[in-house]
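Report on one structure; see the data block that follows.
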Amino acid sequence: MREYAVVLLTAALVTFLTTPVVRMLAVRARMMAAPRERDVHVIPTPRGGGVAMYLGVAAAILVATRLPALQRTFDDSQTIAVLVAGGLICLLGVLDDRWGLDALTKLTGQIAAAGVMVLLGVQLAFLFLPVADIGTISLGPDIGVPLTILLTVATVNAINFIDGLDGLAAGVSAIAALAFFAYSYHLGAVGYDDVTSAPALITAVLAGACLGFLPHNFSPARIFMGDSGSMLVGLMLSAAAVTATGGVDPQSFGTAASLLPLALPLLIPIAILFIPFVDLLMAVVRRTRKGRSPFSPDKMHLHHRLLSIGHSHRRAVLVMYFWSALLSFGAVALSIAGGRAELLIVIAVLLVIGVVVVLSPRARRAAREARAAELAAQRERSRAEHPTARALRAQADPQPPRQGPEQRAAAPQVLQ
C-alpha cells in the first residue's frame with residue numbers, strides 16, 4: 001500500500017506542477033476553448049491539460065518500475081500497453097484541441113489507439129454471466145478483441161460527454177479510479193489475485209493524475225483537460241475495467257452460493273462507470289430520435305439538467321461527485337462486506353439523501369412560488385376589504401334609483 005501511495009502522490013505532484021507550464025504553452029499555441037452557446041464558461045480558456053496528466057502518469061509508472069513490489073506488475077505487458085496507447089490517444093486529443101478534428105477522424109483514432117492497447121496485451125479474455133447457468137465464457141481473439149475495442153471507445157466517449165463543467169470529468173474520474181483501485185486491491189489482499197496487479201497500478205496512477213489536475217480545473221477553471229485528457233482518462237478506465245474483470249475467475253469466490261459475489265466482476269465496472277455511460281446512452285438516444293448525429297453537441301447532458309433545475313455550477317459538480325461516489329464505493333463495499341443489512345440500510349439512506357439534494361432547488365422554487373402566490377392573494381383580499389376599496393366599488397357601481405308611485409303606475413303591466 002505504501003508503494004501505491006508513492007506512485008499516486010508522484011502522479012499528483014508531477015501533474016500539479018506541470019499543468020501551469022502546459023497552460024502557458026496552450027495559450028501560446030492558441031489552444032483556447034471559446035465560449036459557445038452550450039458551454040458554461042464565459043471567457044476563452046486554454047485546454048490541453050491532458051498533456052500534464054499524461055506526464056504525471058508516465059512519471060508515476062517510471063517510479064513504479066523502481067519499487068520492489070510494484071516491479072512485479074511489469075511481468076506482463078499490460079501497464080506498458082496502457083502507457084503507449086495512452087500516449088497515442090493523448091496526441092490525438094492534442095490535435096483535436098488545437099485544430100478541431102471531425103467526429104469520424106476522432107473515432108478512427110480512438111479505434112486505432114484501442115487496437116494498439118489490445119495488440120500489446122490488454123484484452124478481455126473471459127467474461128462471467130450470472131444468468132441462466134451460463135457461467136464463465138471464454139472469449140477468443142475473434143470476440144475478445146472487438147469487444148475490448150468497443151468497450152474502450154464507449155468509455156472514452158462517455159468520459160468526453162460528461163466533460164462539460166469545471167472539474168466534473170476530473171473529479172468523477174478520480175472517484176472511479178479510486179473505486180477500481182479499492183476493488184482490485186481487495187481481490188489481491190484476500191488471495192483472489194496478486195496485490196501488485198496491473199489494474200491496481202493503473203487506477204492508482206490515474207487517480208493521482210486526476211487529483212493533481214483538479215485544483216487547476218475546479219470552478220473557476222484556469223485550464224480544461226480537453227479531449228487530450230478526457231480520452232486518456234477513458235482509455236485508462238477501460239483498461240482497468242478489462243484487466244479487473246478478467247483478472248480473477250469468478251468461480252473461485254468462496255461464497256459461490258451467493259449470486260452477488262459471482263456477479264461482482266461484471267457489476268463493479270458497470271456501477272463505477274454508471275454515470276458516464278447513462279449520460280452517453282441518453283445523448284445517443286436523444287440525438288438519434290431527432291435525426292441528428294450521436295456526436296452532435298447539445299445542452300441536455302446530466303450536468304446541464306442539474307443547472308436547469310436550479311443548482312449552481314459548483315453545486316451541480318458536487319452532486320455529480322456524490323452520485324458517482326455512492327454508486328462506485330457502494331458497489332465496492334458490497335463486494336467486500338457482502339449484502340449485510342447495515343450496509344444496505346446506509347446505501348438506501350444515502351440514495352434518499354441524494355434524491356432530496358438533487359430535487360431541492362425545484363422544491364425551494366415551488367415553495368417560493370407558492371408563498372408568493374399566497375402573499376399576493378392576501379394583499380388582494382386586504383385591498384378588497386379596505387373601506388376605501390368598498391367606497392370606490394360603490395361609486396363605480398351605483399344602486400338603481402327607487403321608483404316613485406307615479407313611475408310605478410306608468411310602467412307597463414306584464415300579462416299573467
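As a basis for the values below, the full set of heavy atoms in this structure was taken, side chains included, without hydrogen atoms, waters or symmetry mates.
- A distance of 9.0 Å separates CG of Leu235 from CD1 of Ile202, quoted to the nearest 0.5 Å.
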Report task. Quick one: do Phe322 and Val317 satisfy side chain to side chain contact (heavy atoms under 4.5 Å, CB included)? Show the steps, please. Result -> CA-CA 9 Å; Phe322 173 85; Val317 172; over 6 Å; no
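- Side-chain atoms of Thr243 do not come within 3.5 Å of backbone N or O of Ala198 as any donor-acceptor pair.
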Apply the test side chain to side chain contact (heavy atoms under 4.5 Å, CB included) to residues Val332 and His186: give CA-CA distance (whole Å), side-chain angles for both, the deciding distance (0.1 Å), then the verdict. CA-CA 9 Å; Val332 173; His186 169 70; over 6 Å; no
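- Counting heavy atoms from C-beta on, the side chains of Leu206 and Phe180 never come closer than 4.5 Å.
- Looking at every heavy atom in both residues, Met225 comes nearest to Asn217 through N-ND2, 4.3 Å.
- Taken to the nearest 0.5 Å, the CZ atom of Phe329 stands 12.5 Å off from the CD1 atom of Ile347.
- Between the Ser324 side chain and the Val172 main chain, no donor and acceptor come within less than 3.5 Å of each other.
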Subject >> Verdict with reasoning, Thr19 to Met53, per side chain to side chain contact (heavy atoms under 4.5 Å, CB included) >> reply: CA-CA 8 Å; Thr19 298; Met53 298 175 68; over 6 Å; no
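- Minimum heavy-atom separation, Ala200 to Phe181: O-CD1, 3.3 Å.
- The two atoms that bring Leu67 and Glu3 nearest to each other are CB-OE1, 3.5 Å, heavy atoms only.
- Between the side chain of Asn157 and the backbone N or O of Val153 there is at least one donor-acceptor pair closer than 3.5 Å.
- Looking at Val22, Thr18, Val21 one by one, the single match for side chain to side chain contact (heavy atoms under 4.5 Å, CB included) with Val51 turns out to be Val22.
- Considering all non-hydrogen atoms of both residues, Thr155 and Gly234 come closest at CG2-O, 3.3 Å.
- Residues Leu178 and Tyr183 have side chains not in contact (no heavy-atom distance under 4.5 Å, counting atoms from C-beta outward).
- Atom CD in Glu342 sits 6.5 Å away from atom CD1 in Ile345 (nearest 0.5 Å).
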Just list the side-chain donor-acceptor pairs under 3.5 Å for residues 83-103, sequence neighbours left out, or say none.
residue	atom	partner	partner atom	Å
Asp96	OD1	Leu101	N	2.8
Asp97	OD1	Asp227	N	3.0
Asp97	OD2	Ser228	N	3.4
Asp97	OD2	Ser228	OG	3.1
Arg98	NE	Ala29	O	2.8
Asp102	OD1	Thr105	OG1	2.7
Asp102	OD2	Leu104	N	3.2
Asp102	OD2	Thr105	N	3.0
Asp102	OD2	Thr105	OG1	3.1

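- Thr45 has its side chain out of reach of Arg222: every pair of non-hydrogen atoms, C-beta onward, lies at least 4.5 Å apart.
- Listed by chain and residue number, Ser238 satisfy the side chain to side chain donor-acceptor pair (under 3.5 Å) test with Thr152 (two or more places apart in sequence, or in another chain).
- At least one side-chain heavy atom of Gln110 sits under 4.5 Å from a side-chain heavy atom of Met231.
- Among all heavy-atom pairs drawn from Thr203 and Pro199, the shortest one is OG1-O, 2.7 Å.
- Looking at Met32 and Arg47, their side chains never come closer than 4.5 Å, going by heavy atoms from C-beta outward.
- Residue Ile80 holds its CD1 atom at 14.0 Å from CE of Met117, rounded to the nearest 0.5 Å.
- With a 4.5 Å cut-off on side-chain heavy atoms, Ser197 and Thr73 do not count as touching.
- Taking CD1 of Ile159 as the reference point, atom CG of Leu168 lies at 9.0 Å (rounded to 0.5 Å).
- Screening Val356, Leu351, Val349 for a side chain to side chain contact (heavy atoms under 4.5 Å, CB included) with Ile353, the sole residue that qualifies is Val349.
- Distance alone, capped at 3.5 Å, places no donor-acceptor pair between the Gln123 side chain and the Val118 backbone.
- No side-chain heavy atom of Asp166 sits under 4.5 Å from any side-chain heavy atom of Phe218.
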Item checked: Trace of the side chain to side chain contact (heavy atoms under 4.5 Å, CB included) decision for Thr79 with Ile61 -> CA-CA 8 Å; Thr79 305; Ile61 290 178; 4.0 Å; yes
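- Side-chain atoms of Arg314 and Pro220, non-hydrogen and from C-beta on, do get closer than 4.5 Å to each other.
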For residues 6-16, tabulate all N or O donor-acceptor pairs below 3.5 Å that involve a side-chain atom, not counting sequence neighbours.
residue	atom	partner	partner atom	Å
Thr10	OG1	Val6	O	2.7
Thr15	OG1	Ala11	O	2.7

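- Heavy-atom minimum distance, Leu214 versus Tyr321: CD1-OH, 3.6 Å.
- Taking CZ of Arg72 as the reference point, atom CG of Leu70 lies at 8.5 Å (rounded to 0.5 Å).
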